[in-house]
Undergrad: 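Here it is: the structure, laid out below.
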Amino acid sequence: MSTYNHGHHESVLRSHRWRTVDNSAAYLADRLTGSEHLLDVGCGPGTLTVDLARHVAAVTALETGPEELELCRREAHEQGQDYLEFVVGDVSALAFPDDTFDVTHAHQVLQHLIDPVGALREMARVTRPGGLVAVRDVDYATFTWFPQNPPLQRWLEIYQGLARANRTEPDAGRRLLAWAHEAGLRRVLPTATAWCFANDADRAWWGGMWADRVLQSRFADQAYARSLATSDELAEISEAWRAWAEHPDGWISLTHGELLIEV
């Protein structure tokens, strides 16, 4: 079983609820005609899922448990999209027949899986011939910030160490193409895009979110449990995120790998 590194604390959901088609699935949007049935793997709190539903005919939202799935169901209801289908399941063993969906989509999912290659095979299996598998994952090693701040470098080291202790790959973005090839998928269009947070409002949001996450989310629990960080160290990192957010020259960018795979 894979261990989800972030958990579902409010500080994590604050980040995930920012995601939309424009900022997280633009690489896919131009390929959608409006007639597709789309499977959204790892739908989370649902803002991206609900936005995707505006671009296709039908959406099936998949999450690992009923509590996680309820977050997406609530978002869909609030947005007046009660027609979405909601399914609890595991991307490594999808309970759908072959060739069920026109598009199978996963955003920031493969980085959290012990077997991302197997997941890609399953996503391709449930996608009809001529359909698309679309995946996008960040590459943590590409996080670049200014001004330089040693506690933030330590944060990155802790996160990467935690992910790898859980047998998952935090620098997934650069590996997506290799994983697709290993899964036997060859009709692949690889691209990359970046998120950048540099104005006052974006810094306050991103820095404040991570300042809370390093102390209150599953990141902190696992860092303690695996002896990767002390409470004093995480408190210093939290303050470093707030100091970065308040700096008028503060900048951070992070690169994402993206694949459109024709099945």
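In what follows, residues are counted from 1 in the order of the sequence shown. Fair warning: this is a prediction, and the values are worked out from it, not measured in the lab.
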Undergrad: Going through the checks in order, is the side chain to side chain contact (heavy atoms under 4.5 Å, CB included) test met by His105 and Leu39?
TA: CA-CA 6 Å; His105 168 266; Leu39 173 64; over 6 Å; no

Undergrad: Run the numbers on Asp232 and Thr230 for side chain to side chain donor-acceptor pair (under 3.5 Å), then give the verdict.
TA: CA-CA 5 Å; Asp232 287 346; Thr230 66; 5.4 Å; no

Undergrad: Phe197 and ring-ring contact (aromatic ring centres under 6.0 Å, His included): which single residue from Trp210, Trp206, Phe143 fits?
TA: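 Result for ring-ring contact (aromatic ring centres under 6.0 Å, His included) with Phe197: Trp206.
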
Undergrad: Check whether any side-chain N or O of Tyr140 sits under 3.5 Å from a backbone N or O of Ala172 as a donor-acceptor pair, and report yes or no.
TA: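 Checked: no pair found.
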
Undergrad: In terms of side-chain heavy atoms, does His55 have a donor or acceptor partner in Glu36 at a distance below 3.5 Å?
TA: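 No, no side-chain donor-acceptor pair sits under 3.5 Å.
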
Undergrad: Indicate yes or no for a side-chain donor-acceptor contact from Thr142 to the backbone of Thr255 under 3.5 Å, with no hydrogens or angles considered.
TA: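 Indeed, once roles are kept as given, a pair shorter than 3.5 Å links the two residues.
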
Undergrad: Which pair of non-hydrogen atoms, one from Ala76 and one from Leu84, has the smallest distance, and what is that distance?
TA: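 Nearest pair, atom of Ala76 first, then Leu84: CB-CD2, 4.4 Å.
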
Undergrad: In sequence, state the C-alpha distance, the side-chain angles, and the governing distance for Glu157 and Tyr159, and then conclude on side chain to side chain donor-acceptor pair (under 3.5 Å).
TA: CA-CA 6 Å; Glu157 292 168 357; Tyr159 183 84; over 6 Å; no

Undergrad: Hydrophobic clusters here meaning ILVMFWY residues chained together by side-chain heavy-atom distances under 4.5 Å, can you tell me if Phe101 and Phe86 are in one?
TA: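 Different hydrophobic clusters.
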
Undergrad: Between Asp202 (side chain only) and Asn199 (backbone N and O only), is there a donor and an acceptor less than 3.5 Å apart?
TA: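 Side chain of Asp202 to backbone of Asn199: no pair is present.
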
Undergrad: Same cluster or not: Met209 versus Val12, using hydrophobic residues (I, L, V, M, F, W, Y) connected whenever any side-chain heavy atoms lie under 4.5 Å apart?
TA: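 Unlinked, Met209 and Val12 end up in two clusters.
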
Undergrad: Taking all non-hydrogen atoms of both residues, which atom of Ile158 and which atom of Ala229 are closest, and how far apart?
TA: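 Looking at all heavy atoms of both residues, the shortest contact is CD1-CB, 3.6 Å.
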
Undergrad: Determine yes or no for a side-chain-to-main-chain donor-acceptor pair under 3.5 angstrom, with Arg154 supplying the side chain and Glu236 the backbone.
TA: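 Not confirmed, Arg154 side chain does not pair with Glu236 backbone.
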
Undergrad: Is it the case that the side chains of Arg19 and Gln108 hold a donor-acceptor pair, with the cut-off being a distance below 3.5 Å and no angle test?
TA: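 Side-chain D/A pair, Gln108 to Arg19: absent.
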
Undergrad: I need the Arg74 CZ to Gln79 CD distance, nearest 0.5 Å.
TA: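 Answer for the CZ-CD pair, Arg74 versus Gln79, is 13.5 Å.
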
Undergrad: CG of Asp98 to CZ of Arg128: how many Å apart, nearest 0.5 Å?
TA: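 Asp98 CG to Arg128 CZ: 14.5 Å, rounded to 0.5 Å.
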
Undergrad: Side chain of Glu63, backbone of Gly44: donor and acceptor closer than 3.5 Å?
TA: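 Here the side-chain-to-backbone pair exists.
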
Undergrad: For the backbone of His16 and the side chain of Thr47, can you confirm whether one donor and one acceptor N or O come within less than 3.5 Å of each other?
TA: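 At least one qualifying donor-acceptor pair exists.
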
Undergrad: Which atoms form the tightest heavy-atom contact between Arg174 and Asp171, and what is the distance?
TA: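 Result for this residue pair: CG-O, 3.6 Å.
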
Undergrad: Rounded to the nearest 0.5 Å, what separation is found between the CD atom of Glu85 and the CG atom of Leu62?
TA: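 Output value for this atom pair is 10.0 Å.
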
Undergrad: Considering all heavy atoms of both residues, which atom of Leu228 and which atom of Gly161 are nearest to each other, and what is their separation?
TA: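 Closest approach of Leu228 to Gly161, heavy atoms only: CD1-C, 4.0 Å.
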
Undergrad: Going by side chain to side chain donor-acceptor pair (under 3.5 Å), His9 matches just one of Arg213, Arg218, Arg14, Gln216. Which one?
TA: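 Result for side chain to side chain donor-acceptor pair (under 3.5 Å) with His9: Gln216.
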
Undergrad: Please tell me if the side chains of Val109 and Val135 come closer than 4.5 Å, counting only heavy atoms from C-beta onward.
TA: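 No - every pair of side-chain heavy atoms lies 4.5 Å or more apart.
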
Undergrad: How many angstroms lie between CG in Leu162 and CZ in Arg226, if you round to the nearest 0.5 Å?
TA: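 Between Leu162 CG and Arg226 CZ, I get 7.0 Å after rounding to 0.5 Å.
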
Undergrad: Once rounded to the nearest 0.5 Å, what's the spacing between atom OG of Ser15 and atom CD of Glu10?
TA: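 Interatomic distance, Ser15 OG to Glu10 CD, rounded to 0.5 Å: 11.0 Å.
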
Undergrad: Please assess Ile261 against Leu120 for the test side chain to side chain contact (heavy atoms under 4.5 Å, CB included), listing each intermediate value before the final yes or no.
TA: CA-CA 10 Å; Ile261 304 168; Leu120 281 168; 4.2 Å; yes

Undergrad: Please check this pair: side chain of Trp195 against backbone of Asn23, looking for a donor-acceptor N/O pair closer than 3.5 Å.
TA: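 Yes, because the side chain of Trp195 sits within donor-acceptor range (under 3.5 Å) of the backbone of Asn23.
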
Undergrad: Is Phe146 reachable from Leu254 through a run of I, L, V, M, F, W or Y residues, each pair having side-chain heavy atoms under 4.5 Å apart?
TA: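 Unlinked, Leu254 and Phe146 end up in two clusters.
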
Undergrad: I'd like to know if the side chain of Trp244 reaches the main chain of Glu239, judged simply by a donor and an acceptor atom lying under 3.5 Å from each other, with no hydrogens or angles considered.
TA: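 No; judged by distance alone, with no hydrogens or angles, the pair does not exist.
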
Undergrad: Step through the shown structure and confirm whether more than 12 heavy atoms of other residues, nucleotides or ligands are within 6.0 Å of CH2 on Trp251.
TA: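 Atom CH2 in Trp251 is not packed in, count stays at 12 or less.
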
Undergrad: Would Val133 and Leu259 count as a side chain to side chain contact (heavy atoms under 4.5 Å, CB included) here? Give the steps.
TA: CA-CA 8 Å; Val133 172; Leu259 298 183; over 6 Å; no

Undergrad: To the nearest 0.5 Å, how far apart are CD in Glu262 and CZ in Arg186?
TA: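 The CZ atom of Arg186 is 15.0 Å from CD of Glu262, to the nearest 0.5 Å.
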
Undergrad: Has Trp145 got a side-chain atom pairing as donor or acceptor with Ser253's backbone, closer than 3.5 angstrom?
TA: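 Not at all, since once roles are kept as given, no pair shorter than 3.5 Å links the two residues.
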
Undergrad: Are more than 12 heavy atoms, taken from residues, nucleotides or ligands other than His181, located less than 6.0 Å from that residue's NE2 atom?
TA: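 For His181, atom NE2 is crowded (more than 12 foreign heavy atoms under 6.0 Å).
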
Undergrad: Would you kindly confirm whether Val91 and Val88 end up in one hydrophobic cluster when ILVMFWY residues are joined by side chain heavy atoms under 4.5 Å apart?
TA: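 Hydrophobic grouping puts Val91 apart from Val88.
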
Undergrad: With a 4.5 Å limit on heavy-atom distance, are the side chains of Ser92 and Glu122 in contact?
TA: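 No, every pair of side-chain atoms sits at 4.5 Å or beyond.
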
Undergrad: Does CD belonging to Glu67 count more than 12 external heavy atoms closer than 6.0 Å?
TA: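 Incorrect, the count does not exceed 12.
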
Undergrad: Checking Asp115 against Arg167 for the salt bridge (Lys or Arg N to Asp or Glu O under 4.0 Å) test, could you report, in this order, the C-alpha distance in whole Å, the side-chain angles of both residues, the deciding distance, and whether it holds?
TA: CA-CA 9 Å; Asp115 183 14; Arg167 297 164 56 203; over 6 Å; no

Undergrad: Taking the side chain from Asp102 and the backbone from His37, do they hold a donor-acceptor pair closer than 3.5 Å?
TA: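 Such a contact is found between Asp102 side chain and His37 backbone.
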
Undergrad: Would Val21 and Val138 show up in the same hydrophobic cluster when neighbours are defined by side-chain heavy atoms closer than 4.5 Å?
TA: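 Different clusters: Val21 never reaches Val138 through Ile, Leu, Val, Met, Phe, Trp or Tyr contacts under 4.5 Å.
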
Undergrad: Return the minimal non-hydrogen interatomic distance between Leu28 and Leu132, and the atom names on each side.
TA: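 The answer is CD1-CD1, 4.2 Å.
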
Undergrad: Scan side-chain atoms only and decide if Asn166 and Thr168 contain a donor-acceptor pair under the 3.5 Å cut-off.
TA: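 Judged by distance alone, the side chains do not pair up.
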
Undergrad: Might you point out which heavy atoms bring Cys43 and Cys72 nearest each other, and give the distance in Å?
TA: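 The pair with the smallest heavy-atom distance is SG-CB, 3.6 Å.
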
Undergrad: Is the closest side-chain donor-acceptor distance between Ser217 and Ser11 under 3.5 Å?
TA: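 Ser217 vs Ser11: no donor-acceptor pair found between side chains.
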
Undergrad: Under 4.5 Å between any side-chain heavy atoms of Glu75 and Pro45, yes or no?
TA: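 They are not in contact (no side-chain heavy atoms under 4.5 Å apart), so the answer is no.
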
Undergrad: Would you please test Asp249 and Arg203 for salt bridge (Lys or Arg N to Asp or Glu O under 4.0 Å) and show each step?
TA: CA-CA 10 Å; Asp249 300 329; Arg203 283 197 312 273; over 6 Å; no

Undergrad: Take atom CG in Asp82; do more than 12 heavy atoms of anything else shown fall under 6.0 Å from it?
TA: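 More than 12 within 6.0 Å, yes.
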
Undergrad: Given the rule in the side chain to side chain contact (heavy atoms under 4.5 Å, CB included) test, do Thr60 and Asp40 qualify, once you have shown the distances and angles that lead to the verdict?
TA: CA-CA 6 Å; Thr60 297; Asp40 192 25; over 6 Å; no

